[in-house]
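The block underneath contains the structure these notes are about, expressed in structure tokens.
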Amino acid sequence: MLNKSQVQYCLDVMKEMYPQAQCELDHANPFELLIAVVLSAQCTDNLVNKVTSSLFQKYTTPEDYLAVPLEELQQDIKSIGLYRNKSKNIRKLCQMLIDDYGGEVPKTKQELMKLAGVGRKTANVVASVAFNEPAIAVDTHVERVAKRLGICRWKDSVLEVEQTLMRKVTKDEWADTHHRMIFFGRYYCTAKNPQCSECPLLTLCREGQKRMKKKNAAKT
DNA sequence: AACTCGGGGCA
DNA sequence: TGCCCAGAGTT
């Protein structure tokens, strides 16, 4: 298992691999961030980014999403997939924000998870990025990367992965951790056919070492 | 833990 | 074509 300084090294390397143009979502206000992350479920980020720029011009408050017919909102987000569920969820979510939170986005992940269409991952992203709350978002990419590198155990649950990460990452980088690991997992440490031989973290990667050994054995 | 939801991207 | 995707909700 990787110790704290090794994990820190991994995150430093991932930071350098991360493109200059940081995720625009970082700079959005909490409400826009929340909407964007809810929309991003099960579709790629650049697909969502295509929609959000025009979406956030048209809709700026929870009331705005409720002011138009459902069909109009569906049309506006149609191109990202799952738009029927997502548009309904967003309206439900906005209604809850108005009714229960005075139109503001709640700050803790416990409150965020009560909202429609907001699960553990979305709640953690919004809480940590927008409000600097103690949380690290874990999705399939983060989980895979953490397990391959040896940050946590293979059989750890999502919750255990999250807790291990919070133990091994310094507090002021919690908000950034999921962006780096997700990007690394999406474009380098891919689920299928990861290019381990070109990976800068190969020397300390548990799974990478195993794969390279296998590859060499197959050659000879 | 397993299943469903589903449009677009990509090979 | 067929498979996959920065998940969440329900059973």
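Only this structure's heavy atoms are used, side chains among them; waters, hydrogens and symmetry mates stay out. Lettering of chains follows the sequences in order, A, B, ..., and the numbering in each one begins at 1. None of the values given here were measured: they were computed from a predicted structure.
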So how far is it from [X] [atom1] to [Y] [atom2], rounded to the nearest 0.5 Å?
{"X": "A/Ile98", "Y": "A/Tyr65", "atom1": "CD1", "atom2": "OH", "result": "12.0 Å"}
{"X": "A/Met113", "Y": "A/Thr108", "atom1": "CE", "atom2": "OG1", "result": "10.5 Å"}
{"X": "A/Asn89", "Y": "A/Met96", "atom1": "CG", "atom2": "CE", "result": "10.5 Å"}

Salt bridge present between A/Glu111 and A/Lys107 (N-O < 4.0 angstrom): no
A/Lys15/A/Glu173 salt bridge by N-O under 4.0 Å criterion: no
Tell me: [atom1] of [X] to [atom2] of [N], nearest whole Å?
{"X": "A/Arg186", "N": "C/dC4", "atom1": "CZ", "atom2": "P", "answer": "13 Å"}
{"X": "A/Asp139", "N": "C/dC4", "atom1": "CG", "atom2": "C1'", "answer": "15 Å"}
{"X": "A/Ile77", "N": "C/dG7", "atom1": "CD1", "atom2": "P", "answer": "16 Å"}
{"X": "A/Arg144", "N": "C/dC5", "atom1": "CZ", "atom2": "C1'", "answer": "11 Å"}
{"X": "A/Lys86", "N": "C/dC5", "atom1": "NZ", "atom2": "P", "answer": "15 Å"}

Contacts under 3.5 Å, N or O only, protein and nucleotides 7-11 of chain B:
{"residue": "B/dG7", "atom": "OP1", "partner": "A/Arg84", "partner atom": "NH2", "Å": "2.9"}

Dump every N/O contact between nucleotides 8-10 of chain C and the protein below 3.5 Å, one line per pair.
{"residue": "C/dA8", "atom": "OP1", "partner": "A/Gly119", "partner atom": "N", "Å": "3.2"}
{"residue": "C/dA8", "atom": "OP1", "partner": "A/Thr122", "partner atom": "N", "Å": "3.0"}
{"residue": "C/dA8", "atom": "OP1", "partner": "A/Thr122", "partner atom": "OG1", "Å": "2.5"}
{"residue": "C/dA8", "atom": "OP2", "partner": "A/Lys121", "partner atom": "N", "Å": "3.4"}
{"residue": "C/dG9", "atom": "OP1", "partner": "A/Gly117", "partner atom": "N", "Å": "2.8"}

Separation between the P atoms of C/dA6 and B/dA11, rounded to whole Å: 14 Å
Work out how far the P atom of B/dG8 is from that of C/dA8, and round it to whole angstrom. 22 Å
Looking at residues 158-166 of chain A, who's got a heavy atom less than 4.0 Å off DNA chain B? none
Evaluate side-chain contact (heavy atoms from CB on, under 4.5 Å) for A/Lys92 paired with A/Gln95, printing each intermediate quantity in order. CA-CA 5 Å; A/Lys92 218 185 285 178; A/Gln95 191 65 59; 5.7 Å; no
Criterion side-chain contact (heavy atoms from CB on, under 4.5 Å) on A/Lys147 and A/Cys152, from CA distance to verdict: CA-CA 5 Å; A/Lys147 289 181 176 178; A/Cys152 63; 3.6 Å; yes
Answer with yes or no whether the hydrophobic clustering places A/Leu55 together with A/Val68; edges join I, L, V, M, F, W, Y residues whose side-chain heavy atoms lie under 4.5 Å apart. yes
Check the orientation of A/Tyr187 and A/Phe183. Use parallel for under 30°, tilted for 30 to 60°, and perpendicular for over 60°. tilted
Please identify which of these residues, A/Val145, A/Val138, A/Ile136, meets the side-chain contact (heavy atoms from CB on, under 4.5 Å) condition with A/Met181. A/Val145
Can you check side-chain contact (heavy atoms from CB on, under 4.5 Å) on A/Leu165 and A/Val161, steps first, answer last? CA-CA 6 Å; A/Leu165 275 172; A/Val161 176; 4.2 Å; yes
